[in-house]
Visitor: 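Sharing a structure, written as structure tokens. Questions coming.
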Amino acid sequence: MRFIYIIGFFIIVEIYAFQLIRVLAKGHWWKWVYLAVSILIFLNVVLQFYLSPDRTQVVPVRDFAVTLFLAFLAAKTVFLLIMFFEDIVRIVEGVISLSRKHNSTDLEGMSDASSSFLPSRRSFIAKTGLALAALPFGAILYGAWKGKYNYQVREYELSFDDLPEEFNGYKISQISDIHVGSFDDKDEVAYAIDLVNKQQSDVILFTGDLVNNVARELYGWEDILGRLKAKDGVFSVLGNHDYGDYVNWVSQSEKRKNLEELFQIQKNMGWRLMMDEAHEIKRGTDSLHIVGVQNYGGGRFPKYGNLDKASASLSDSSFKVLMSHDPSHWELQVKDHPKKFHLTLSGHTHGMQFGVEIPGFFKWSPVSFVYKRWAGIYKELDQFLNVNRGFGFIGYSGRAGIWPEITVITLKRA
């Protein structure tokens, strides 16, 4: 059904786009070239997924086909939106003009008005639309070429009235959504892992989606990811992709075996996987608790996590840093939970790997239509949520405007 929806959407967009292109072409042959290229790009995506259906393997030809398709689709969407709004203006102008003629006693004039109900398209608007459409097209191609490894370190200082004194200045590095099965450059990933270590944080927290689908994606990456080191350790939780739910397994035992292998690989790398549990970090007589829950998300995403179980041993007043993959969990359970969670760290959204950000002034991504909290720091009821933009990528083999992120949070006593 999902494939049928994609085909239906493509056909609707293409019909509207071709009508506009045909008007702009004014009888020139290049409109047929445009149509042929659009159809070939779509058919090539279908062909590549047919030839290489295993999404756990990196296939450069398939990734390029998807990138090219998304670049054309984004460009068309911008162009069509501009032309659609112009069509609305033309309809309004036509209705006003027709109404005026209808109120006139000049019947001949009314007849002329009915034959020219809509004003003609403005050439300037169409050309402007084509020019603006080139921006997302170029951005998506650049994102696949360079953007996917354009790692950014984002630093925050967060103040708390009840932060234990010994943890004033405590540094946390967060990474999320590695999606190791999508990587195609070990040197770039190794550079980013070293960049995490250079932050010299007290603890490193990974908030889920280590793989796309299966544990074997990690083969050959254990040494690189195992380099992550921090004084108080490396902790992790599971994301929705880690459970293998998107694979057609031969049996449930095979699925369990895959998950157990994922657990073992993380243990071999020196990571501590948190499965609805808490870990105490002590400084003198003061304590800070790292709480990790399994994936719990809204909508169609799985609800494995048990927040009550994870925090059962903790008091209301103990200082807690919660790791929960899906930021919708914060809205559903966390922020109103009787046991206050001072800081929640999530990921999952990737910022859709596409958007516009002007730090401190503006940020937008299409994912904002789905997630209320999708990137950066949020605060409510004296509790903070950070949504990491993700370390890796999936689907679209790139990042445009929403760059891969390493978050460094310093806890301060207010």
Side-chain angles (χ1 to χ4, degrees), residues 160 162-164 167 172 174-177 203-211 215 232-245 252-253 255-267 269-282 286-349 373 378 380-388 409 411:
F160 303 87
D162 53 352
L163 178 69
F167 287 91
I172 299 169
Q174 180 201 2
I175 56 175
S176 191
D177 300 88
V203 68
I204 296 173
L205 305 181
F206 172 69
T207 48
D209 277 3
L210 180 56
V211 297
D232 290 326
V234 180
F235 296 83
S236 64
V237 292
L238 298 176
N240 56 295
H241 281 266
D242 293 322
Y243 295 91
D245 288 341
Q252 284 299 308
S253 63
K255 183 179 180 181
R256 284 194 299 271
K257 182 179 177 181
N258 171 75
L259 196 56
E260 289 168 2
E261 184 177 16
L262 184 71
F263 296 167
Q264 187 60 48
I265 292 175
Q266 292 198 46
K267 183 178 180 180
M269 294 191 306
W271 297 16
R272 175 167 175 174
L273 180 62
M274 307 285 283
M275 300 286 287
D276 298 330
E277 58 190 290
H279 174 79
E280 182 182 29
I281 296 175
K282 294 189 70 69
D286 289 335
S287 297
L288 177 148
H289 293 86
I290 305 294
V291 183
V293 296
Q294 298 188 67
N295 190 77
Y296 192 103
R300 63 184 177 87
F301 291 104
K303 295 175 173 59
Y304 293 113
N306 189 326
L307 189 59
D308 292 333
K309 176 184 175 183
S311 58
S313 63
L314 306 179
S315 67
D316 297 356
S317 60
S318 59
F319 194 91
K320 310 173 196 67
V321 177
L322 173 65
M323 304 163 63
S324 180
H325 176 70
D326 193 321
S328 63
H329 188 204
W330 196 69
E331 185 71 35
L332 293 171
Q333 289 188 338
V334 176
K335 71 181 180 67
D336 296 316
H337 197 275
K339 291 187 177 179
K340 179 181 178 182
F341 294 90
H342 299 76
L343 171 61
T344 300
L345 303 178
S346 298
H348 183 60
T349 72
R373 299 170 181 88
Y378 302 87
E380 191 172 332
L381 302 174
D382 291 325
Q383 299 173 88
F384 289 94
L385 166 70
N386 180 62
V387 185
N388 184 282
I409 296 176
L411 306 181

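No experiment lies behind these values; they were computed from the predicted model shown.
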Visitor: Got a salt bridge between Asp245 and Lys255, using NZ or NE/NH1/NH2 to carboxylate O under 4.0 Å?
Guide: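 Looking at Asp245 and Lys255, the cut-off is met.
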Visitor: Going by an N to O cut-off under 4.0 Å, is there a salt bridge joining Lys335 and Glu331?
Guide: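 Looking at Lys335 and Glu331, the cut-off is met.
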Visitor: With a 3.5 Å distance limit and no angle check, can you tell me whether Ser315 reaches the backbone of Ser318 through a side-chain donor-acceptor pair?
Guide: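 Present.
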Visitor: Test your reading of the model: is there a side-chain donor-acceptor pair from Ser324 to the backbone of Ser346, 3.5 Å cut-off?
Guide: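 No, the answer is negative, given that no donor and acceptor are paired below the 3.5 Å cut-off.
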Visitor: Do you see a donor-acceptor pair shorter than 3.5 Å between the side chains of His241 and Asp177?
Guide: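 Result is no, nothing qualifies.
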Visitor: Going by the side chain to side chain contact (heavy atoms under 4.5 Å, CB included) test, name the single residue among Leu385, Leu314, Leu307 that passes it with Phe341.
Guide: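 It is Leu307; the other options fail the test.
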Visitor: Quick one: does any side-chain atom of Asp276 pair with a main-chain N or O of Asn306 as donor and acceptor, under 3.5 Å?
Guide: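 Yes.
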Visitor: Report the residue from Lys339, Gln333, His337 that forms a side chain to side chain donor-acceptor pair (under 3.5 Å) with Asp308.
Guide: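 The option that passes is His337.
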Visitor: For residues Leu411 and Leu288, determine if any side-chain heavy atom of one lies less than 4.5 Å from a side-chain heavy atom of the other.
Guide: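 When only atoms from C-beta onward are counted, Leu288 and Leu411 do touch, with a gap below 4.5 Å.
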Visitor: Can you name the one residue among Glu277, Arg272, Lys320, Met323 that meets side chain to side chain contact (heavy atoms under 4.5 Å, CB included) with Ile290?
Guide: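 Among Glu277, Arg272, Lys320, Met323, the one that satisfies the side chain to side chain contact (heavy atoms under 4.5 Å, CB included) with Ile290 is Met323.
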Visitor: Within the 3.5 Å criterion, strictly below it, is a donor on Gln174 or Thr207 matched to an acceptor on the partner's side chain?
Guide: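 Checked: Gln174/Thr207 side chains pair up, N/O donor to acceptor below 3.5 Å.
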Visitor: Is the distance between the ring centroids of Tyr243 and Tyr304 less than 6.0 Å?
Guide: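 Yes, ring centres under 6.0 Å apart.
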Visitor: Using the side chain to side chain contact (heavy atoms under 4.5 Å, CB included) definition, which of the options Leu238, Asp209, Asp326 pairs with Asn295?
Guide: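 Checked Leu238, Asp209, Asp326 against Asn295; only one passes side chain to side chain contact (heavy atoms under 4.5 Å, CB included): Asp326.
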